[in-house]
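Structure record follows, encoded as structure tokens.
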Amino acid sequence: MTSFLSGLNPEQLEAVTLPYQSALILAGAGSGKTRVLTTRIAYLIQSGQVSPNGILAVTFTNKAAREMIVRIAAMLPINTRGMWIGTFHGLCHRMLRAHYQEAGLPKTFQILDMGDQQALIKRLVKDLAVDEKALPPRQIQWFINHAKEEGQRTAHVNAYDSFTRKMLECYRVYETVCMREGIVDFAELLLRCYELLTDNIILRNHYCDRFSHILVDEFQDTNRLQYRWLKLLAGVGSAKPAAVFAVGDDDQSIYAFRGAYTGNMQEFERDFAAPKIIKLEQNYRSHGNILAAANALIAHNRGRLGKNLWTAEGRGEPVRVYNAMTDIEEATFIVDEIKALHADGVALSDIALLYRSNAQSRVLEHSLFNAALSYRVYGGMRFFERQEIKHALAYLRLIAHPDDDQALLRVINFPSRGIGVRSLEQLQDAAALHQTSLWAAALNKCGGEATTISDETKAKKGLPNFVALIMTMQRACADLPLPEIIHHVLVHSGLLSHYGTEREGAERLENLNELINAATSFVHEAEDDSLVAFLSHASLEGGEHQADNYEDALQLMTVHAAKGLEFHSVFLSGLEEGLFPHENSRNEADGLEEERRLMYVAATRARRRLYLSFSQSRLLHGQTRYNVPSRFIKEIPDDLLKWLQPRAKVNSGSYHVGSEQAGFSKGTSQWNQPATGMEAAGRLTSAPFEGSGWRIGQNVSHAKFGTGVIINYEGQGTDMRIQVQFNRAGTKWLLLEYAKLTPLQ
DNA sequence: TTCCTTGTCGCCCGG
DNA sequence: CGACAAGGAA
């Protein structure tokens, strides 16, 4: 039975075999954290201390949850279904579905993702006639989520100033609408579940009795509400509290900006009466120099719980540093280096190219593309967030739950069926008047009329047509299996034919087809294969469709996205003040320290080779910026670094002439002046267009608009139109024949 | 109503 | 620079 215990180091073994008690495991990067967690679960079950039903394990990502299940299944020949393993949100969702009545939710309640939530708030802001400039929807969204993550309902928020009062007003209205429409956002899943367990003693006792062992991954990322939820579920203070096994690393806490509270780690010991803190400090991933660099860097942070990683491996290679003139040259260097590594036998998929913010990826991608290196960018648009998928899901949501205004607004006129802003306004007024959902208002308006419409009466237009469509779908789909429901909806909504005729529609059609495939595999895997369950799955999972590509490709991602991963070689680009550490971190308390932890996470991703690079100039947001090297480079001892020189001749020749000059000439724009006529002309170079007698860059005068410069033209002969940028009147297209322009100079 | 031009604004990101 | 929203013209 101890087979899976062999190979553990003493600290790991101690953690895995702890007696029935709460414990905090400080697990450094690459110290075998996941192995300890999964082995602990296997050990508890194998030794008969708990049945699978008594286990609850919580993670932050679906990926981590899946990995945990797979690894446990590999160790134990048992059905993992009995255990509750999932994300905080997934587990809360599960409880709310099981007890929707006690939680005061409709049976078919739907989950809002971030995009849905933002759209809803925008809609409300419009209705409230609030000034969007003074109260940006993004900020309102942040306010609401933040309040909920602190466990605060509208009644609990202190609003002393007018700004907060306005925010609070939005929060109130938002809550009312969510209740009426039966929708729930991510933070609400947690808060609602927390309140359910607080208010309902019978339920709470049931779950407290059931889960005797609770295991938490990435504990440093928990927010205050999650912490309280854990306390409640563990029955802290009761006669027999659960044993909570919390694994985390304060040095890798990089989500403070979304509510993670590292104080949870300090308070855990006291609140959960945990007699034991175990440190896992042996690193099995990186060579010595890389670890030494990471340790030296993170030592600059204060208030750490204290931990120093070491390795039994040798020192390995030094950390390489490259100083580039421009961002383009930096990219060229990285590409050359990756080619060399690849030629030496390192798989592309074992090399990561990391950056602080997504905006940096463009230049890098450009160079990779030109060098014909295959690469894969993580963190872009996710499957269930695509426009066409959102539209399809909206129809599905209406079938399951027609009071969902959000979904209705999304597709009431898509594909267009003649319901314009006017009819929509009337509908919204009617709904507001009776305090009902739009759907109810629509039914009211159409009376019994709509229900009698059969398929032949296509002549009917507008609202009645839409109402009939949804009702027909509801009837038709009542007894169909999920994939067929989706197929039916795609056909009858007109989405398929709409995208079939659109010029860029081929990929969208493919995605819609993929949606049916996703539903098919969902039906096979999930216990509950209903439409409502699938919709929840779509919101909670977001769809990480990245495992399907097995081509050997370089990995591009942000440092945040790289957490938890490891690679043979890691390139960390853009190590410049203002970029990394990011300038926005200057205003935040603990901002710099969080940036340093981010850097620590980045460095500890590398097994064998770590490259740090920075550039003296960089084009960002359409402006060339001149940066100084990141302080983080200076925080690494010199004897661990190896400064690389720019490659000689062939390469340097091309980038010095090309990009450096471009960088400096564009540098004039740093004064932020609007482009003058001369500049515009200079960029395009004077180009006469045939037979007209005019040329681009020509200064001209117009009777009404004043003076300006020709910047473009189209057509020919009497149809020729020219575009003139006037000094006062802006840019205009004019028919050359009638414009009566006077040439100047 | 749709298409196209014009203006604004921008960080990191899981569920 | 680009994505996206808002407003004007056909």
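From a predicted model like this one, the values you see are computed outputs, not experimental measurements. By convention in this document, chain letters (A, B, ...) are assigned in the order of the sequence lines, proteins followed by strands, and residues within each chain are numbered from 1.
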ask   = Side-chain contact, heavy-atom cut-off 4.5 Å: Leu515(A) with Phe384(A)?
value = yes
key: pi-stack flag for His582(A) and dC12(B), centroid dist under 5.5 Å, interplanar under 30°   = no
key: N or O in side chain of Ser416(A) less than 4.0 angstrom from dT2(B) OP1/OP2   = yes
message = Nearest to the side chain of Arg138(A), heavy atoms from C-beta on, is which of dG15(B), dC12(B), dC13(B)?
response = dC13(B)
query = Can you find a side-chain donor-acceptor pair between Gln220(A) and Glu218(A) that sits under 3.5 Å?
reply = yes
Pair Phe109(A) and Tyr100(A), ring centroids less than 6.0 Å apart = no
remark   = To the nearest angstrom, the CD-C1' distance between Glu595(A) and dC11(B) comes to 9 Å
remark   = Between CD1 of Ile419(A) and P of dT2(B) the distance, given in whole Å, is 12 Å
key: Side chain of Met114(A) - closest among dG14(B), dC11(B), dC13(B)   = dG14(B)
ask   = In whole angstrom, what separates Gln141(A)'s CD from dC11(B)'s P?
value = 13 Å
query = Over how many whole Å does the gap from Gln220(A) atom CD to dG14(B) atom C1' extend?
reply = 13 Å
message = With nearest nucleotide decided by heavy atoms, which residue, Phe88(A) or Ala359(A), maps closer to the 5′ end of DNA chain B?
response = Ala359(A)
task = Mind checking Phe186(A) for me? I need base, sugar-phosphate or nothing, with any heavy atom below 4.0 Å counting as a touch.
result = base
inquiry  = Is Thr87(A) close enough to dG14(B) that one of its side-chain N or O atoms is under 4.0 Å from OP1 or OP2 there?
reply    = no
key: Asn62(A) side chain near dG15(B) phosphate (N/O to OP1/OP2, under 4.0 Å)   = yes
ask   = What's the shortest heavy-atom distance between Ala119(A) and Gln406(A), and which atoms?
value = CB-NE2, 3.3 Å
request  = Can you tell me the distance, in whole Å, between the CD atom of Gln226(A) and the P atom of dG14(B)?
outcome  = 15 Å
query = Can you tell me if Gln117(A) and Gln141(A) form a side-chain donor-acceptor pair at under 3.5 Å?
reply = yes
Leu619(A), nearest nucleotide to its side chain (from dC1(C), dC12(B), dG14(B)) = dC1(C)
query = Atom CD1 of Ile254(A) to atom P of dC13(B): distance rounded to whole Å?
reply = 9 Å
ask   = Side chain of Phe257(A): nearest nucleotide among dC1(C), dG15(B), dC13(B)?
value = dC13(B)
request  = State which of dG2(C), dC12(B), dC11(B) makes the closest approach to the side chain of Arg362(A).
outcome  = dG2(C)
task = Starting from P on dC13(B), measure out to CD on Glu594(A) and report it in whole angstrom.
result = 12 Å
key: Distance below 4.0 Å between Asn358(A) side-chain N/O and dC13(B) OP1 or OP2   = yes
ask   = Please give, in whole Å, the distance from dG14(B) C1' to Asp113(A) CG?
value = 12 Å
query = Of the nucleotides dG15(B), dC11(B), dC13(B), which has the atom closest to the Leu540(A) side chain?
reply = dG15(B)
